Amino acid sequence: MQDPVDSFAEHYRRVFGDGHYDPGFIARFYEIFMGKSPDVARRFDNTNMSVQKTMLHDSLHYLLHFAHSRQARDYMDRVARMHGKSAYDIPPNLYDLWEASLLEAVRERDPDFDDEVELAWRVALAPGITYMKFCYDMPGNGGAQPDR
């Protein structure tokens, strides 16, 4: 098995090509994610989904940057604060559903999806997801909230 970190870029390109916004993939992800739990779907009731979908696309890039650099840039800190207990209150267990939904969408998109591909995605996403979960209870996690 190839090193998951080394192989991730290849897997990512199969799904996103040159990395441009892919409305079909993003829409499918949200369809899967909101179908995972009534709690998830409820959290998007008053959300501007056009803005949300763009934010997801951008967030994926920041999560992947974080996986390589292990540095939480301003964007990661801001997103963590917005998702914290005193703001949007996104509990840590919902990140597991988020990851499962993303992997399901990737599985549908990538004809070569297998255990190696899944591991590569999980390894690439793990640092950012862990960071988000860790920051949930951090004091001061009620910062400015974006348009939803």
Side-chain angles (χ1 to χ4, degrees), residues 4-37 39-110 112-113 117-148:
V5 173
D6 292 340
S7 67
F8 178 75
E10 169 191 337
H11 305 309
Y12 183 84
R13 277 191 300 277
R14 279 203 309 261
V15 174
F16 289 104
D18 60 7
H20 285 101
Y21 182 76
D22 184 334
F25 178 85
I26 300 294
R28 180 62 182 137
F29 161 78
Y30 276 110
E31 183 179 299
I32 294 167
F33 187 39
M34 287 192 247
K36 292 278 185 201
S37 159
D39 182 37
V40 171
R42 179 186 55 75
R43 289 172 183 275
F44 289 100
D45 281 347
N46 297 310
T47 300
N48 177 333
M49 289 307 293
S50 178
V51 170
Q52 183 66 33
K53 289 174 181 179
T54 300
M55 286 178 13
L56 172 69
H57 174 80
D58 294 346
S59 294
L60 283 172
H61 288 285
Y62 284 100
L63 279 172
L64 300 176
H65 178 271
F66 185 71
H68 291 290
S69 71
R70 299 296 200 268
Q71 294 178 350
R73 302 271 189 229
D74 291 343
Y75 182 85
M76 283 291 292
D77 287 335
R78 190 172 65 247
V79 170
R81 282 193 308 275
M82 289 184 311
H83 288 73
K85 189 173 189 173
S86 60
Y88 290 147
D89 190 20
I90 307 301
N93 68 302
L94 292 186
Y95 293 99
D96 297 332
L97 292 178
W98 183 92
E99 181 182 38
S101 301
L102 183 66
L103 289 171
E104 190 173 329
V106 169
R107 183 180 296 113
E108 289 178 7
R109 178 62 61 94
D110 183 354
D112 295 326
F113 191 93
V117 173
E118 181 175 348
L119 179 60
W121 277 86
R122 287 183 183 277
V123 167
L125 296 170
I129 291 172
T130 300
Y131 183 80
M132 296 296 291
K133 288 178 175 182
F134 179 81
C135 290
Y136 175 71
D137 283 319
M138 297 290 283
N141 273 357
Q145 299 184 13
D147 296 333
R148 286 180 48 149

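Quick caveat: nothing in here was measured; it's all calculated off a predicted structure.
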Review item, side-chain donor-acceptor pairs of residues 93-101, under 3.5 Å, at least two apart:
unit_1, atom_1, unit_2, atom_2, d
D96, OD1, K133, NZ, 2.7
E99, OE1, R122, NH1, 3.4
S101, OG, L97, O, 2.7

| Hey, what do you get for OG (S69) to CE (M76), rounding to the nearest 0.5 Å? | 9.0 Å

| field | Worked verdict on V106 versus F25 for side-chain contact (heavy atoms from CB on, under 4.5 Å) | value | CA-CA 8 Å; V106 169; F25 178 85; 3.8 Å; yes

| If every non-hydrogen atom of K53 is compared with every non-hydrogen atom of A27, which pair is closest and at what distance? | NZ-CB, 4.0 Å

| query | Rounded to the nearest 0.5 Å, how far apart are CE of M49 and CZ of F44? | reply | 5.5 Å

| said: Tell me if the centroids of the rings in H61 and H57 come within less than 6.0 Å of each other. | reply: yes

| task | Before giving the answer on side-chain contact (heavy atoms from CB on, under 4.5 Å), spell out for R14 and V117 the whole-Å C-alpha distance, their side-chain angles and the decisive distance to 0.1 Å. | result | CA-CA 11 Å; R14 279 203 309 261; V117 173; 3.3 Å; yes

| How long is the gap from NE2 on H68 to CG on L63, to the nearest 0.5 Å? | 11.5 Å

| request: Please tell me if the side chains of F33 and L102 come closer than 4.5 Å, counting only heavy atoms from C-beta onward. | output: no

| field | Least distance between heavy atoms, H11 atom then A120 atom | value | CD2-CB, 3.4 Å

| message | With rounding to the nearest 0.5 angstrom, report the CZ to OH distance, R78 to Y62. | response | 7.5 Å

| query | When you check the gap from the basic side-chain N to the acidic O, do D39 and R42 get nearer than 4.0 Å? | reply | yes

| query | Is any side-chain heavy atom of I32 closer than 4.5 Å to a side-chain heavy atom of E108? | reply | yes

| Just checking, is any N or O donor in the side chain of D77 or Y131 under 3.5 Å from an acceptor N or O on the other one? | yes

| query | How many angstroms lie between atom CZ of F8 and atom CG of L64, to the nearest 0.5 angstrom? | reply | 4.5 Å

| field | Plane angle bin for W121 and Y12 - parallel if under 30°, tilted between 30 and 60°, otherwise perpendicular | value | tilted

| query | Which heavy-atom pair separates Y75 from M55 by the least distance, and what is that distance? | reply | OH-O, 3.6 Å

| request: Decide, yes or no, whether a salt bridge links R28 with E31 under the criterion of side-chain N to carboxylate O below 4.0 Å. | output: yes

| request: Measure the CE-CZ distance between M34 and R43 for me, rounded to the nearest 0.5 Å. | output: 13.0 Å

| query | Are there more than 12 heavy atoms of other residues, nucleotides or ligands under 6.0 Å from atom CG of D112? | reply | yes

| Should E118 and F113 count as side-chain neighbours, where that means a heavy-atom distance under 4.5 Å? | yes

